2 protein chains.
Amino acid sequence: MSRTIKVLLAEDQSMVREALAALLGLEEDIEVVAQVARGDAVLSAARDHGVDVALLDIEMPGATGIEAAAELHRELPALKVVVLTTFGRPGYLRSAMEAGADAFLVKDAPASQLAEAIRKVLAGERVIDPSLAAAALADGANPLTDREREVLRAAADGSTNAELAAALHLSQGTVRNYLSTAIQKLAVRNRAEAVRIAREKGWL
Amino acid sequence: MSRTIKVLLAEDQSMVREALAALLGLEEDIEVVAQVARGDAVLSAARDHGVDVALLDIEMPGATGIEAAAELHRELPALKVVVLTTFGRPGYLRSAMEAGADAFLVKDAPASQLAEAIRKVLAGERVIDPSLAAAALADGANPLTDREREVLRAAADGSTNAELAAALHLSQGTVRNYLSTAIQKLAVRNRAEAVRIAREKGWL
DNA sequence: CCCGCCGTATGACATCTGTCATGCAGGATC
DNA sequence: GATCCTGCATGACAGATGTCATACGGCGGG
């Protein structure tokens, strides 16, 4: 028989993290051997505990789960990565896959899928929600350039053009040009809508 | 000896809900007897299962945890209510308390506080994070009028003045007046910032 | 009864935003 | 080397947004 599966859990909300640990603790063949609350603590914890599978939330301080996934994939290629997120944003799925994730789960899927996904990735399978995959393909790739994304992200909090220009070391006109092209690419009417749509797609 | 504490769990993300159930299941004196995923399913589930404590997430479809709390407080006054939320927004705390909640927990508190809070509210105590309470008091009450809130909420998705006017059956000028006063009350420069601040405070 | 606030509305004004044409430098591609 | 794309910039213009003064009816408090 095989030994238990060693899992690393990365999730910033303690209550959710410990609850997930309790859930996985109910499984006989799974053992949560490490828990971290920050994206930038993932790699060393995975190394220190000889982990088989890393379960990563996306929204975390320090580094996102996607960034952590890429790092793990580079440094510990044998390690399997499951990305777990609140938001089923097509762009997140795409980035997670590009970062080398083996599974992508949303938190409103039934709890049973979590242990199941862990076993499947260890067996070499990939696990992704088919409808999300379809949405990701339908949306296509992120149409925004780096600069456009950067400006849009900075504009998300309601900053004015002048503030954006100062913060990004650009001229005010350039800021407006970037926002204008972003607005057109996203087929919306103003920056607020552009921010909303880009967020929904996971393109920010 | 006393019988086990019967708990109702209301949280829309299945994985989180079931994980919390697993967590509470580890406690000898606590039993999760019902789980619901919608705010408008809380009351009848609580009635049907003779629940002692209801654990309510705020963000849920159907009705918010706050609305559900108010309903429970009205219909089943003996029932204790614990509000559990991702966002430690002062305005949420205030509304939860006004709705008759007995405890207010944020999901990034340690998991141990959950069972502890359940026992405390049953003992007649109230449980709230002191720093959040301080923030709620410091912020004061929501300064926005009903209409201002309504317009701001509608403006949050990037709608233009004309769209807002049509949607709310107001003149465009009136919409601008409301947004203008909201902007001034929140001491910000434009509607986008106003939306952000109002959200952060839990005033939307 | 009067005052003040809320909801609603208008008009005028200043500023901010979004669009477009145009320009230039650097890197990639052919 | 010519061409194209990207990043950056400018100026001009139209339209959206924010401010302010003003107005009126209703409602609640003093």
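In the text below, chain A, chain B and the rest are named by the order of the sequence lines, each starting its count at 1. Side chains are part of it too, since the values below use all heavy atoms of this structure and drop only hydrogens, waters and symmetry mates. None of these values were measured; they are calculated from a predicted model.
In this structure B:A10 satisfies the side chain to side chain contact (heavy atoms under 4.5 Å, CB included) test together with B:V36, B:V42, B:L56, B:M60, sequence neighbours excluded. Every residue meeting the side chain to side chain contact (heavy atoms under 4.5 Å, CB included) condition with A:R189, not counting sequence neighbours, appears here in chain and number order: A:E193. Residues that satisfy the salt bridge (Lys or Arg N to Asp or Glu O under 4.0 Å) test with A:R38, not counting sequence neighbours, are A:D40. In this structure A:N190 satisfies the side-chain hydrogen bond (donor to acceptor under 3.5 Å, both in side chains) test with no other residue, sequence neighbours excluded. Residues satisfying the side chain to side chain contact (heavy atoms under 4.5 Å, CB included) criterion with A:A109, sequence neighbours excluded, are A:V106, A:Q113, B:M15. In this structure B:N142 satisfies the side chain to side chain contact (heavy atoms under 4.5 Å, CB included) test together with B:L144, B:R149, B:W203, sequence neighbours excluded. For the salt bridge (Lys or Arg N to Asp or Glu O under 4.0 Å) test, residues two or more places apart in sequence or in another chain that qualify with A:K201 are A:D139.
The stretch residues 189-204 of chain B touches DNA chain D through B:N190, B:R191, each having a heavy atom under 4.0 angstrom from the strand. Residues of residues 164-174 of chain A having a heavy atom closer than 4.0 Å to DNA chain D, listed by number: A:L170, A:S171, A:G173, A:T174. Within residues 146-160 of chain A, the residues approached by DNA chain D to less than 4.0 Å at the level of any non-hydrogen atom are A:R147, in residue-number order.
The side-chain hydrogen bond (donor to acceptor under 3.5 Å, both in side chains) analysis of residues 69-87 of chain B, with sequence neighbours excluded, yields the pairs B:R47-B:E75.
Side-chain N/O atoms of B:T145 include one lying less than 4.0 angstrom from OP1 or OP2 on C:dG7.
In this structure a side-chain-to-backbone donor-acceptor pair under 3.5 Å is present from A:R153 to A:L204.
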Could you pull out every donor-acceptor pair under 3.5 Å between side chains of residues 16-24 of chain A and any protein atom, sequence neighbours left out?
| from | atom 1 | to | atom 2 | distance (Å) |
| --- | --- | --- | --- | --- |
| A:R17 | NE | A:Q35 | OE1 | 2.9 |
| A:R17 | NH1 | A:E11 | O | 2.9 |

